[in-house]
Amino acid sequence: MTPLQRYIAEEIATDHVEGLLSRREALRRLGLLGMGAPAAVALLASCAESAQQSAPTTSVSTTAGSAVSPSSPPPGTANAVAATSITFPGPEGRTLQAAWAEAAQPRGGVLVIHENRGLTDHIRSVTGRFAGAGYSALAVDLLSEEGGTATFTDQAAATAALSKIPQDRFVADLRAGLTELGRRVPGKRLGATGFCFGGGLTWLLLTSGTPELAAATPFYGPFPDGGQVTGSKAAVLAVYGALDARVDASRPAAEAALDQAGLPHESYVADNADHAFFNDTGPRYQPTAAAEAWRRVIDWYGRYLG
């Protein structure tokens, strides 16, 4: 397994332990990843044992978010711009699909990197929210070569397809997205924001050397084992949930790498928030944490993109 494949498998197991997936569905999804039944059963058991041993985690953040009603609109939606579907040239003559949202007077550009479910309506919404905040945004469909996310009627099958894509292709497609974004917002600084699996890909971009990025804001993404960011120039705001022990375990390595590279960086750990707390279409959505994270991201881009 590659690190990203392992991450996806562990996420499925965690969803089962936390009651979001039945045992049968978790085993089905692990099977789609190519994991045999004995290995899948062992993973579920290991994840359950780890969950029992884990102590409650508290936030290191000292700034509390403002109170937000659960019925409040998701952050950034009030001024969101409708995203449109586009295609553009990708590596090796391939055509990439994407969602594009153009700010009226762009202050910069943001590459939005989707979760392991593909380019969903939620990610299209986030793309439009960035445009509404003044940052033209592009979200590449990393399943473009497989026909695009919309061709998958089974969300688990889309996740399985993503797990089989070589990491080099992800990096190449995302770099092509940065090139296209730069073409659409000429002369503007570029940032990258990814969520969950996409947060991990944001770190992967940074560790692969992307000097064209001026800033990045990975949301609860695992930092690559042994990763170094010395080839990057990005100012990084890393977002975590205090209850997300699995991903939070990689935070010290990320912070050490950023320190070593001498890059401006901060970590925001949201109180009472778990993995995927920003996704308002998911079961772990935490509106107060999401609103505070969005405020910090927009402030960060205001500081480092314009």
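Computed from a predicted structure; not experimentally measured.
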A.B. asks: Mind checking whether Leu201 and Leu4 have side chains closer than 4.5 Å, heavy atoms only?
C.D. replies: yes

A.B. asks: Could you check, using the six-membered ring where one of them is a Trp, whether Phe278 and Phe219 have ring centers closer than 6.0 angstrom?
C.D. replies: yes

A.B. asks: For His16 and Ala26, work out which heavy atoms get closest and say how close.
C.D. replies: CB-CB, 3.8 Å

A.B. asks: Considering all heavy atoms of both residues, which atom of Pro106 and which atom of Lys188 are nearest to each other, and what is their separation?
C.D. replies: O-CE, 3.3 Å

A.B. asks: How close do Tyr285 and Ala290 get, heavy atom to heavy atom, and via which atoms?
C.D. replies: CE1-CB, 3.6 Å

A.B. asks: Is Glu146 paired with Arg169 through a side-chain N to carboxylate O contact shorter than 4.0 Å?
C.D. replies: yes

A.B. asks: List for me each residue that meets ring-ring contact (aromatic ring centres under 6.0 Å, His included) alongside Tyr304, sequence neighbours excluded, and say none if there are none.
C.D. replies: Trp300

A.B. asks: Just how far is it from atom OG1 of Thr84 to atom CH2 of Trp100, taken to the nearest 0.5 Å?
C.D. replies: 8.5 Å

A.B. asks: Where do Thr159 and Arg29 land on the side chain to side chain contact (heavy atoms under 4.5 Å, CB included) test, with the steps shown first?
C.D. replies: CA-CA 9 Å; Thr159 299; Arg29 295 189 181 198; over 6 Å; no

A.B. asks: Show the numbers, then the answer: is there a side chain to side chain contact (heavy atoms under 4.5 Å, CB included) between Leu162 and Ile165?
C.D. replies: CA-CA 5 Å; Leu162 281 167; Ile165 296 173; 4.1 Å; yes

A.B. asks: Would you mind reporting whether Trp294 and Arg129 have side-chain heavy atoms less than 4.5 Å apart?
C.D. replies: yes

A.B. asks: Could you tell me if the side chain of Leu243 sits less than 4.5 Å from the side chain of Asp248, heavy atoms only?
C.D. replies: no

A.B. asks: If you group Ile, Leu, Val, Met, Phe, Trp and Tyr by side-chain heavy-atom gaps below 4.5 Å, do Leu142 and Phe88 land in one group?
C.D. replies: yes

A.B. asks: Is the closest basic N to carboxylate O distance between Arg246 and Asp274 below 4.0 Å?
C.D. replies: no

A.B. asks: Classify the side-chain pair Tyr240/Arg251 by whether it contains a donor and acceptor separated by less than 3.5 Å.
C.D. replies: no

A.B. asks: Does the pair Tyr220 and Phe277 meet the rule for a ring pair (Phe, Tyr, Trp, His ring centres under 6.0 Å), with working shown?
C.D. replies: CA-CA 9 Å; Tyr220 28 75; Phe277 71 78; 5.3 Å; yes

A.B. asks: Looking only at atom types and distance, does a side-chain atom of Arg107 sit under 3.5 Å from a main-chain N or O of Gly306, one as donor and one as acceptor?
C.D. replies: yes

A.B. asks: For Ser46, does its backbone N or O pair with a side-chain atom of Ser50 as donor and acceptor, under 3.5 Å?
C.D. replies: yes

A.B. asks: Give a yes or no on whether Val81 and Leu305 share a hydrophobic cluster (residues Ile, Leu, Val, Met, Phe, Trp, Tyr; joining criterion: side-chain heavy atoms under 4.5 Å apart).
C.D. replies: no

A.B. asks: Check whether the side chains of His275 and Glu11 place a donor and an acceptor atom closer than 3.5 Å, and report yes or no.
C.D. replies: yes

A.B. asks: Going by atom types only, do Gln286 and Asn272 share a side-chain donor-acceptor pair under 3.5 Å?
C.D. replies: no

A.B. asks: Which distance, rounded to the nearest 0.5 Å, do you find between the OG of Ser232 and the CH2 of Trp203?
C.D. replies: 9.5 Å

A.B. asks: How close do Thr207 and Pro224 get, heavy atom to heavy atom, and via which atoms?
C.D. replies: OG1-CG, 4.0 Å

A.B. asks: Please test Ile113 against Leu205 for side chain to side chain contact (heavy atoms under 4.5 Å, CB included), starting from the C-alpha separation and ending with a verdict.
C.D. replies: CA-CA 11 Å; Ile113 309 177; Leu205 262 184; 4.1 Å; yes

A.B. asks: Do the side chains of Leu30 and Leu32 join up, straight or via other hydrophobic residues, at under 4.5 Å, putting them in one cluster?
C.D. replies: no

A.B. asks: Is the backbone N or O of Ala131 less than 3.5 Å from a side-chain atom of Ser136, with the two atoms forming a donor-acceptor pair by type?
C.D. replies: no

A.B. asks: Who pairs with His114 by ring-ring contact (aromatic ring centres under 6.0 Å, His included), at least two apart in sequence or on another chain?
C.D. replies: none

A.B. asks: Any chance you could measure Glu115, atom CD, to Phe197, atom CZ, to the nearest 0.5 Å?
C.D. replies: 10.5 Å

A.B. asks: Before accepting this row, confirm whether a basic side-chain N of the pair Asp299/Arg295 lies closer than 4.0 Å to the acidic partner's carboxylate O.
C.D. replies: yes

A.B. asks: What is the minimum heavy-atom distance between Gly109 and Leu181, and which atoms define it?
C.D. replies: C-CD2, 3.7 Å

A.B. asks: For the CG atom of Leu20 and the OG1 atom of Thr14, what is their distance to the nearest 0.5 Å?
C.D. replies: 9.5 Å

A.B. asks: Apply side chain to side chain contact (heavy atoms under 4.5 Å, CB included) to Gln5 and Leu33, showing your working.
C.D. replies: CA-CA 8 Å; Gln5 286 173 331; Leu33 298 183; over 6 Å; no

A.B. asks: Rounded to the nearest 0.5 Å, how far does CG of Leu21 lie from CZ of Arg28?
C.D. replies: 9.5 Å

A.B. asks: I'd like to know if Asp15 and Arg23 make a salt bridge, using a cut-off of under 4.0 Å between side-chain N and carboxylate O.
C.D. replies: no

A.B. asks: Could you tell me if the side chain of Ile298 sits less than 4.5 Å from the side chain of Arg303, heavy atoms only?
C.D. replies: no

A.B. asks: Please tell me if the side chains of Leu190 and Val185 come closer than 4.5 Å, counting only heavy atoms from C-beta onward.
C.D. replies: yes

A.B. asks: Would Arg183 and Thr179 count as having a side-chain donor-acceptor pair, cut-off 3.5 Å?
C.D. replies: no

A.B. asks: So if you build clusters from Ile, Leu, Val, Met, Phe, Trp, Tyr with side-chain heavy-atom gaps below 4.5 Å, do Ile12 and Val17 land together?
C.D. replies: no

A.B. asks: Identify whether the distance between the nearest side-chain nitrogen and carboxylate oxygen of Arg94 and Asp173 falls below 4.0 Å.
C.D. replies: yes

A.B. asks: Given the rule that I, L, V, M, F, W and Y join up when any side-chain heavy atoms are under 4.5 Å apart, are Leu204 and Leu96 in one cluster?
C.D. replies: yes

A.B. asks: So with a 6.0 Å cut-off around CZ of Arg175, is the heavy-atom count from everything else above 12?
C.D. replies: yes

A.B. asks: If you measure from CZ on Phe223 to CG on Leu206, what distance do you get to the nearest 0.5 Å?
C.D. replies: 8.0 Å

A.B. asks: For residues Ser208 and Val171, report the shortest heavy-atom separation together with the two atoms involved.
C.D. replies: OG-CG1, 3.8 Å

A.B. asks: Please confirm whether the backbone N or O of Ala83 pairs with a side-chain atom of Thr127, one donor and one acceptor, at under 3.5 Å?
C.D. replies: no

A.B. asks: Any side-chain heavy-atom pair from Val112 and Phe195 closer than 4.5 angstrom?
C.D. replies: yes

A.B. asks: Hey, does Arg284 have a side-chain heavy atom less than 4.5 Å from the side chain of Asn279?
C.D. replies: no

A.B. asks: Quick check against the 3.5 Å criterion: does Thr202 have a side-chain atom that pairs as donor or acceptor with the backbone of Pro218?
C.D. replies: no

A.B. asks: Hey, are the side chains of Leu178 and Leu213 touching, using non-hydrogen atoms and a 4.5 Å cut-off?
C.D. replies: yes

A.B. asks: Pairing donors with acceptors under 3.5 angstrom, does anything connect the side chains of Thr217 and Thr193?
C.D. replies: yes

A.B. asks: Ignoring hydrogens and geometry beyond distance, is a side-chain donor-acceptor pair present between Arg124 and Ser85 at under 3.5 Å?
C.D. replies: yes

A.B. asks: Within the distance-only criterion (no hydrogens, no angle test), does the side chain of Gln97 pair as donor or acceptor with the backbone N or O of Asp141 below 3.5 angstrom?
C.D. replies: no

